[in-house]
Engineer: 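Got a structure for you, written out below as C-alpha cells; questions coming shortly.
First the proteins, then the strands, lettered A, B, ... as listed; each starts at 1. Because the structure is a prediction, the values reported are computed rather than measured.
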Amino acid sequence: MLLVNTIRENFELVLEGLQKRNLANAEATLHEVLELDKKRKETQTERDSLQAESNAISKQIGLLMREGKKEEAEHIKTRTGEIKEQIKVLEESYNTYEADLRQLLYTLPNVPHHSVPKGKSADDNEIVLTHGEIPELPASKKPHWELIKDYDIIDFDLGVKITGAGFPVYKGRGARLQRALINFFLDEALKAGYMEVQPPILVNEDSGYGTGQLPDKEGQMYEATMDKLYLIPTAEVPITNIYRDVILDERAFPIKNVGYTPCFRREAGSWGAHVRGLNRLHQFDKVEIVQIVHPDNSYEALEEMSAYVQSLLQKLELPYRVLRLCGGDMGFTSALTYDMEVFSAAQERWLEVSSVSNFENYQANRLKLRYKGEDKKTQLAHTLNGSALALPRIVASILENNQTEDGIRMPQVLVPYLGFEWI
RNA sequence: AGAGAGGUGUCCGAGUGGUUGAAGGAGCACGCCUGGAAAGCGUGUAUACCCCUAAAGGGUAUCGAGGGUUCGAAUCCCUUCCUCUCUGCCA
C-alpha cells in the first residue's frame, strides 16, 4: 500500500510511475486520495477536541463526586449529552473517510523503480542478459510431457484420478529428482546465509492482506471456507507474514529466510496452448527466499538475490536469461522485478522459473513491518522475495535439455542428492 | 470436542468504575559514582493518528480483538480469537 505522505510529497513522481503501469485515471485517483486524507484529518481534529472536552468534563465530575457535590455533578452531566451526539456523528464520518481512503489505496499498485521500462505486455520486457549454450538435441527429441511417460516418472492421469488436472503424481526417479532439487536448493540457500523456515501452508485472511493477495485476488487461491483459511500460492505469504506487525532492531538486518513449501494456485482462466505438462500446475513445489532489509540497501539486496538465483541455474547447467519486467507486466506490489527464464530445448521456449522482486515499503506498509534505528525513529522496512527456485519448469528443462538416445543425464551437482546419474 | 482458568507495556507482575499510558520489579539506554567493573544513585524507556512546529509542546486512541452499558471502563455486560489445566480423540 502506498503511503499518503509519499503521494503528497512526490505527487509527480508517483503519477509518472503509475502511468508507467498504464493505470487508468491515475491522476484523478491520486487527487481523490489527498482529498479524502484531508477530510479525514479535519474530521479527526474536530472529533479529538470534542473528545478532549468530554474527557475533561468527566474528570471534573469525578472530582465533584469525590467532594460530595452531587448536584453540581448532575448539572454538568447535561452538557455532555450534546457533545456525545456530535462526537458520534464525527466518528461515523471519520470511519467512512478512512475506509474509503483505504479502499482507494488498495487499488493503487506500487510505484515502479526508475529503471523499469515502459511497456504494456511481456513483449516489452527488457532482456538484461542471456547465459549458457542452447543444447543441440537429437532428432528424436521430445517435449517433457512425452519423456515423463516414456520413463514413467511423472503421472498426470493418476493425479486426475486422485485429485484433478494439474496435480501430478511424481514416481520413482521423478519423485527422487523432486526431493533432490528441494534439498539442493535449501542447502545452497543455507550456504548463502539464509535461515531455513518451515511455515504453515494454510494462512488466514490477515496474512492474505499483509502480502497483497487480498483483496481482489481470492480467486487465485484455494480456500478452506469452513475455517476461512487459504492454501498459499507461494511461501512468500507465510514467510513474509512472520514479520507482520513487528518492529525490528536495525541491527537485525539483513533478515534472510528460505523456505520450501508446496504452492497452490487455482489458475482460473489461464489455461491455453502453452500450458501443457509441467508448464502450469495447480500444485507445485518451490523454494522461496525472502529478505527484509534497511531501505538504503534494498536494491543491493535485489542484485544479490538475482545473482544468487543465477548461480543456481548455472550449477544446474541450464541456459537462462534475465528479464527486467516492464511496467505493464510487473506484479501489483513490486517496484522492480527480474524474471529468470530457462530455455527448454524441446519445446524451444523460455520458461519463467524465478521472479525476484523488491517491494520497497509497499508490503511493509500493509504488514506494519518496521524497524528502529539509532535515531530511535520507527520506519518501514523494505521487503524482497524471489523463487530459488520453482521446481516444475526446472524439471521440464532438465528433462528436455539433457535427453539423449540412451536416457536423460542428470546435472552433476544433483548426483550426490540423487544417487543416480541417468534416468 | 466437553469442563475450568486466564489473556495488562521488552519481560515478570499489581490493579473490579473516577487525574491509570497504567503501581512495583527486571531488563535496556544515558548520566553520576569507580583506576576499571559490579553494586548503588538519578533520569529515561510503547505504538498509531491529529494539532502546532525550527525545536519544544499539546490532543485522541490503544490493557488479545470487536461491540455495548456509563458523564467516565484495564475494571461491568455481550460476541469472538488465543493460551493453559483436566477429560475425550488422535498422527
Engineer: Under 4.0 Å: is that the gap between some side-chain N or O of A/Lys372 and OP1 or OP2 of B/U47?
Structural biologist: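 Yes, such a contact exists.
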Engineer: Taking B/U79 as the reference, what is the distance to B/C84 when you measure between their P atoms (whole Å, please)?
Structural biologist: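 After rounding to an integer number of Å, I get 23 Å for this pair.
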Engineer: Starting the side chain at C-beta, find the nucleotide from B/C50, B/C71, B/U60 nearest to A/Ser58.
Structural biologist: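 Looking only at heavy atoms from C-beta outward on A/Ser58, the closest nucleotide is B/C71.
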Engineer: Looking at every strand, decide which applies to A/Ser49 at a 4.0 Å heavy-atom threshold: base, sugar-phosphate, or nothing.
Structural biologist: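 Contact class for A/Ser49: none.
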Engineer: Ring centroid separation for A/Tyr371 and A/His294, is it under 6.0 angstrom?
Structural biologist: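 Yes.
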Engineer: Sticking with atom C1', work out how far B/G9 lies from B/A26, rounded to a whole angstrom.
Structural biologist: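 These two C1' atoms come out 13 Å apart once rounded.
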Engineer: Which one is paired to B/G9, where only Watson-Crick or G-U wobble pairs with both distances under 3.5 angstrom count?
Structural biologist: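 Here B/G9 is not engaged in any pair, so there is no nucleotide opposite it.
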Engineer: Looking at B/U80, which nucleotide sits across from it as a Watson-Crick or G-U wobble partner, both distances under 3.5 angstrom, or is there none?
Structural biologist: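 The answer is B/G64, by the H-bond criterion.
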Engineer: B/A48 phosphate, OP1 or OP2: any side-chain N/O from A/Thr378 under 4.0 angstrom?
Structural biologist: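 Looking at the OP1 and OP2 atoms of B/A48, one of them is under 4.0 Å from a side-chain N or O of A/Thr378.
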Engineer: Any side-chain N or O of A/Lys84 less than 4.0 Å from the OP1 or OP2 oxygen of B/G72?
Structural biologist: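 True: A/Lys84 side-chain N/O within range (under 4.0 Å) of B/G72 OP1/OP2.
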Engineer: Nearest of B/A48, B/C50, B/G59 to any side-chain atom of A/Ala52?
Structural biologist: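 Of all the options, the side chain of A/Ala52 is nearest to B/G59.
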Engineer: Can you tell me which nucleotide in B/G18, B/G59, B/U19 comes closest to the side chain of A/Lys59?
Structural biologist: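 Of B/G18, B/G59, B/U19, B/U19 is nearest to the side chain of A/Lys59.
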Engineer: Compare side-chain N and O positions of A/Asn55 against OP1 and OP2 of B/A61 and report whether any pair is under 4.0 Å apart.
Structural biologist: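 It does, given that an N or O in the side chain of A/Asn55 lies less than 4.0 Å from OP1 or OP2 of B/A61.
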Engineer: Just compare B/C51, B/C71, B/G59 and give me whichever is closest to any side-chain atom of A/Ile61.
Structural biologist: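 Among the listed nucleotides, the one closest to the side chain of A/Ile61 is B/C71.
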Engineer: If you only use heavy atoms from C-beta on, which nucleotide in B/C51, B/C49, B/A61 is closest to the side chain of A/Gln51?
Structural biologist: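 Among B/C51, B/C49, B/A61, the one nearest the side chain of A/Gln51 is B/A61.
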